[in-house]
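Numbers restart at 1 for each chain; the letters A, B, ... are given by sequence-line order, proteins then strands. Given the structure is predicted, the values throughout are model-derived calculations rather than measurements.
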Amino acid sequence: MHRYRTHTCAEANPALAGQTVRLSGWVHRKRDHGSLLFIDLRDHYGLTQIVCDQSDPVFPTLERVRVESVVCVTGQVVNRTAETVNPDIPTGQVEIRAREAEVLSAAEVLPIQVAGDQEFPEDLRLTYRFLDLRREKLHANMVLRSRVISSLRRRMTDQGFLEYQTPILTASSPEGARDFLVPSRLHPGQFYALPQAPQQFKQLLMVSGFDRYFQIAPCFRDEDSRADRSPGEFYQLDFEMSFVTQEDVFAAIEPVLQGIFEEFADGRAVTPAPFPRIPFDEAMLKYGSDKPDLRNPLLIADVSTHFENGGFGLFARGIAGGSVVRAIPAPGAAGQPRGWYDKLNDWARENGAGGLGYIIFAEDGPKGPIAKNLEEDRVEALRVQMGLKAGDSVFFACDKPLKAAKFAGLVRERICDDLGLREKDVFRFCWTVDFPMYERNEDTGQIEFSHNPFSMPQGEMEALETMDPLDIKAYQYDIVCNGVELSSGAIRNHRPDIMLKAFEIAGYPAEEVEARFGGMLRAFRFGAPPHGGSAPGIDRIVMLLAGEPNIREVILFPMNGQAQDLLMQAPSPVTEKQLRELHIRVQLPPRAAEGGSRKGSGDGAAAAAPDKA
RNA sequence: GCGGGUGUAGCUCAGUUGGUUAGAGCGCUGGCCUGUCACGCCAGAGGUCGCGGGUUCAAGUCCCGUCACUCGCGCCA
């Protein structure tokens with residue numbers, strides 16, 4: 001008989017009745033009746049009930065053992081009597097009559113409980129992540145993640161993509177997010193950077209003729225966290241293809257994503273491919289966002305014409321000054337109490353708007369301060385344009401176009417939730433396409449790249465030479481699911497001449513571009529195929545599939561919001577010897593240097609003791 | 001860096017208008033219990049009410065500051 005187990009805790013069944021088996025696992029629960037003892041033994045695969053009474057030699061051992069201890073139990077599989085069958089668990093028809101029992105590892109009293117679904121504070125869960133990971137939900141999330149990744153790999157290789165590894169220690173990139181830096185021992189004063197994404201490497205792979213690349217790629221960005229953004233590191237399904245148009249990229253990745261979501265949707269509906277393509281301008285107008293949540297049925301519309309020179313002076317004056325008015329429908333909201341409208345108005349002010357105007361289309365006519373002042377025929381024309389009827393309401397955002405669009409987008413989401421209109425149990429995909437190549441920095445007035453400077457402008461060189469830069473679109477696209485940006489991608493600019501021109505428009509002289517992106521430019525001067533790709537975020541995909549609102553629930557060992565690993569104690573001070581080897585002297589900020597532990601346990605700041613060197 | 005929320009037993013939470021010895025469930029310890037499966041019953045231990053200051057005869061409760069966690073903004077080519 002095997003030292004530890006002959007079966008897993010999921011395998012006990014009536015067919016084994018009478019056989020002697022050996023199981024190892026964790027004591028999930030104990031039900032101690034004094035002279036009769038039940039133990040639920042748990043492993044990765046399932047749960048099996050162990051039973052013994054005081055006449056059994058193992059009784060003293062098992063009675064003493066604490067939950068979450070690891071035990072090895074040997075005994076006979078016996079069928080339960082009809083009254084004692086537990087239909088709630090797969091192994092509930094049988095139990096193991098314990099003959100031998102060995103405690104392989106005794107557990108101390110637990111800081112968080114594994115059995116049950118009680119909630120625990122997140123810092124405690126992170127400190128004892130290995131216990132949290134034993135719990136049903138988190139354990140299942142990690143298994144789901146593993147299966148999703150393995151299915152993604154299969155789907156990509158089936159389409160002719162090959163997986164390659166790119167460096168983790170690389171060069172700091174001059175654009176983008178803040179880098180994580182790694183000091184060089186051999187080159188004093190110089191640093192590696194962890195890749196924010198394998199962007200340049202995958203383009204070089206195309207230049208190197210590999211045609212179709214993918215990687216489950218770790219990416220590192222030193223940016224602050226969000227519920228859907230883990231600090232420090234995350235994973236992308238990074239891919240790139242040669243000799244492709246934008247539509248070719250869509251056609252390659254749509255079946256992968258659609259297939260993955262179908263495979264793990266568990267009954268939830270998935271947008272069939274091809275996914276809707278929404279131009280950026282349309283997305284900003286109708287949804288007030290470049291990542292529209294299509295589960296939200298509300299559509300924003302521009303209603304400026306109805307207010308222009310109209311009786312509602314605030315909006316009329318705004319329009320004269322370059323503002324627009326966007327309308328957000330609120331179907332069925334006419335019956336909402338006055339307090340709801342007041343609450344929304346307060347909320348709007350908290351979010352930086354002057355307020356939130358509205359018209360209530362009551363059964364006996366339009367109501368509210370705007371309806372009181374705007375001419376009757378204009379109110380009616382607005383109602384017709386929005387397709388509203390008695391019983392509905394409509395809200396307004398009046399501001400400069402971009403601000404009005406973004407605020408209308410916030411209102412659209414808020415109204416949807418307040419009215420309970422969001423579609424459930426569904427994954428709604430879309431592409432946002434035709435992002436602008438450039439935008440004007442509102443502070444400086446300068447023309448800047450609005451996204452990736454390496455994207456190919458639509459119209460290529462001719463567009464750059466003849467068009468208003470602000471009218472040029474890029475072959476730049478995002479894939480969005482339920483309002484979550486899963487990835488952005490682009491057809492790349494593989495032509496040095498177009499790239500130099502594109503940078504020139506954004507105010508970078510050729511010498512500076514050569515200095516900053518010389519490696520890429522050099523590669524493109526020796527025969528570069530047209531290419532493009534994208535990089536869907538794996539953590540976010542799993543988060544959506546697991547139905548988790550927080551990305552940490554789908555990551556094995558995540559850091560907390562302050563980018564600390566509470567289990568492994570990172571970041572942490574290093575020895576003087578290590579610092580000397582790296583030619584590093586630490587210069588702490590004043591508050592940390594005073595010995596005050598400004599954040600966390602404080603050991604990161606206080607213990608570095610920089611001036612001993 | 002900024003704003004919102006939270007902070008009471010190991011954990012989840014209750015705690016009235018500021019008023020006697022700060023409670024409950026889970027967990028823990030001890031006792032009882034031979035068919036439970038969230039076992040049940042009895043008893044017990046366990047508290048710097050995040051921390052510091054203030055107001056008051058009296059503060060878990062009111063005020064100020066601060067720390068931690070979390071959500072959002074900034075940031076995220």
Should A:T84 be listed as having a side-chain N or O under 4.0 Å from OP1 or OP2 of B:G35? no
Ionic contact status for A:D40 with A:K30, cut-off 4.0 Å: no
Does any N or O in the side chain of A:R229 come within less than 3.5 Å of the main-chain N or O of A:D224, such that one atom is a donor and the other an acceptor? yes
Lys/Arg-Asp/Glu bridge criterion (N-O < 4.0 Å) met for A:R422, A:D417: yes
Nearest-Å distance once atom C1' is located in both B:A43 and B:C33: 15 Å
With a 3.5 Å limit on both atom pairs, tell me what B:U17 is paired to, counting Watson-Crick and G-U wobble, or say none. none
In whole Å, what separates the C1' atom of B:U21 from that of B:C63? 28 Å
By nearest nucleotide on RNA chain B, pick out whichever of A:R540 and A:F38 is the more 5' one. A:F38
Any strand counts, and the cut-off is 3.5 Å on both contacts for Watson-Crick or G-U wobble. Which nucleotide pairs with B:G1? B:C73
B:C69 versus B:U55 - spacing of their C1' atoms, nearest Å: 29 Å
So SG of A:C52 and CD of A:E63: to nearest 0.5 Å the spacing works out to 8.5 Å
Just N and O in the side chain of A:R97: are any of them under 4.0 Å from OP1 or OP2 of B:G35? no
Any strand counts, and the cut-off is 3.5 Å on both contacts for Watson-Crick or G-U wobble. Which nucleotide pairs with B:A24? B:U12
Side chain A:R31 and base B:C33 donor-acceptor under 3.5 Å: no
Watson-Crick or G-U counterpart of B:C41, or none if no pair lies under 3.5 Å: B:G31
I'd like to know if A:E95 reaches the base of B:G35 with its side chain such that a donor and an acceptor end up less than 3.5 angstrom apart. yes
So, does the side chain of A:R125 form a donor-acceptor pair with the base of B:C11 at under 3.5 Å? no
When the C1' atoms of B:G4 and B:G44 are compared, how many Å lie between them, rounded to an integer? 43 Å
Taking B:G72, B:C28, B:C11 as options, the one with an atom nearest any side-chain atom of A:Q118 is B:C11
Distance below 4.0 Å between A:R221 side-chain N/O and B:A77 OP1 or OP2: yes
Scan A:D32 against the nucleic acid and name what it touches under 4.0 Å (heavy atoms): base, sugar-phosphate only, or nothing. base
